[in-house]
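Treat the numbers as computed from the prediction; the structure is a model and nothing was measured.
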Amino acid sequence: MAGTVRHPGEADVEWGLTDAVVWRNRALMLFDRVAVPVAVCDVYGRVVLANPAMAAECGTSPGQLRGRDVLELFRPEEAGQVERIAQALRLRHRSRYQVSVSWSAPGGTARYGELTADPVSDSMNETPALLVMLRVLGQREPEPASEPASVTPVEGAVLALLAQGATTGRAARELGLSRDGVAYHLRRLSARWHAANRTELVARAYALGVLAPGVWPPRVRGAETE
């Protein structure tokens with residue numbers, strides 16, 4: 001059989017491609033094993049590739065991070081930083097950029113640190129990708145859960161009826177009070193919580209933990225299981 005005819009330079013091309021594949025595999029292996037959280041993002045900040053250390057900070061796997069916006073995962077402390085970087089990238093500047101960020105680590109721990117983004121590309125005219133590294137600086141202790149605001153049993157009953165849309169007259173009938181008595185409790189609650197009207201008073205009752213969320217008809221917290 002006749003041997004395969006090779007054109008001049010084909011062997012060099014094949015060896016070059018083989019070397020490129022080998023070095024690419026080595027680079028990916030190093031990328032996966034490095035302990036520093038690292039990701040490669042497109043110019044819009046979408047994750048193209050992430051190493052296990054970066055995924056661990058988000059409590060997920062590298063594959064699950066692909067396509068996610070890195071600035072949704074790690075929230076900038078200063079919005080102006082991001083806009084300045086975006087403007088610089090549009091102008092094809094090649095500087096290193098740093099953004100102060102915070103994020104929720106696995107278990108709900110609030111951490112803060114710094115993202116460093118380096119534009120990388122094969123040529124100066126090519127739209128760069130971003131090599132992003134995360135530096136963990138520390139974590140913030142969670143704030144202790146605040147106790148619900150204190151109200152008397154009558155005030156709680158008035159608030160629960162008010163949240164149902166009850167009028168002063170209906171609240172008076174159901175609680176065995178006079179209309180002036182109901183109005184008195186409403187005035188005291190409004191003054192205590194600086195509420196301008198009944199709608200705001202109900203909203204503050206939920207925000208302060210007096211009324212139980214997700215319960216109908218509305219009830220004072222703790223009374224929904226009775």
Report yes if some heavy atom in the side chain of [X] is under 4.5 Å from a heavy atom in the side chain of [Y]; otherwise report no.
X      : Y      : answer
Val38  : Leu131 : yes
Ser178 : Tyr184 : no
Met133 : Asp118 : yes
Met54  : Asn51  : yes
Val70  : Leu130 : no
Trp103 : Leu73  : no
Gln98  : Thr116 : yes
Glu174 : Val182 : no

Taking all atoms of both residues into account, what is the closest heavy-atom pair of [X] and [Y], and its distance?
X      : Y      : answer
Ala39  : Val47  : CB-CG1, 4.5 Å
Tyr97  : Pro119 : CE1-CG, 3.8 Å
Tyr206 : Ala163 : OH-CB, 4.2 Å
Arg68  : Gln64  : CG-O, 3.7 Å
Ala53  : Ala35  : CB-O, 3.3 Å
Gln164 : Pro218 : CG-CD, 3.2 Å

Test side chain to side chain contact (heavy atoms under 4.5 Å, CB included) on Leu134 and Val132 and set out the steps.
CA-CA 7 Å; Leu134 176 67; Val132 176; over 6 Å; no
Would you confirm whether [X], through its side chain, and [Y], through its main-chain N or O, come within 3.5 Å as a donor-acceptor pair?
X      : Y      : result
Arg111 : Ala105 : no
Glu155 : Thr152 : yes
Asp42  : Val48  : no

In Å, rounded to the nearest 0.5 Å, how long is the span from [atom1] of [X] to [atom2] of [Y]?
X      : Y      : atom1 : atom2 : answer
Glu57  : Thr109 : CD    : OG1   : 10.0 Å
His185 : Leu175 : NE2   : CG    : 8.5 Å
Leu49  : Arg66  : CG    : CZ    : 6.5 Å
Arg46  : Leu71  : CZ    : CG    : 12.0 Å
Gln139 : Ser102 : CD    : OG    : 13.0 Å
Ser100 : Phe74  : OG    : CZ    : 14.0 Å

*Take Ser190 and Arg204 through the side chain to side chain contact (heavy atoms under 4.5 Å, CB included) test and state the conclusion after the steps.*
CA-CA 10 Å; Ser190 297; Arg204 288 183 181 270; over 6 Å; no
Out of curiosity, does [Y] fall in the hydrophobic cluster containing [X] (side-chain heavy atoms, cut-off under 4.5 Å, transitive links)?
X      : Y      : value
Leu208 : Val154 : yes
Val99  : Tyr112 : no
Leu137 : Val36  : no
Leu177 : Leu201 : yes

query = Any chance the side chains of Arg198 and Thr168 put a donor and an acceptor closer than 3.5 Å?
reply =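 There is such a pair between these side chains.
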Heavy-atom count check: over 12 atoms from other residues, nucleotides or ligands less than 6.0 Å from Arg135 CZ?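 Open: at most 12 neighbouring heavy atoms sit under 6.0 Å from CZ of Arg135.
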**OP:** Flag yes if more than 12 heavy atoms outside Arg188 fall under 6.0 Å of its CZ atom; otherwise flag no.
**Re:**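 Incorrect, the count does not exceed 12.
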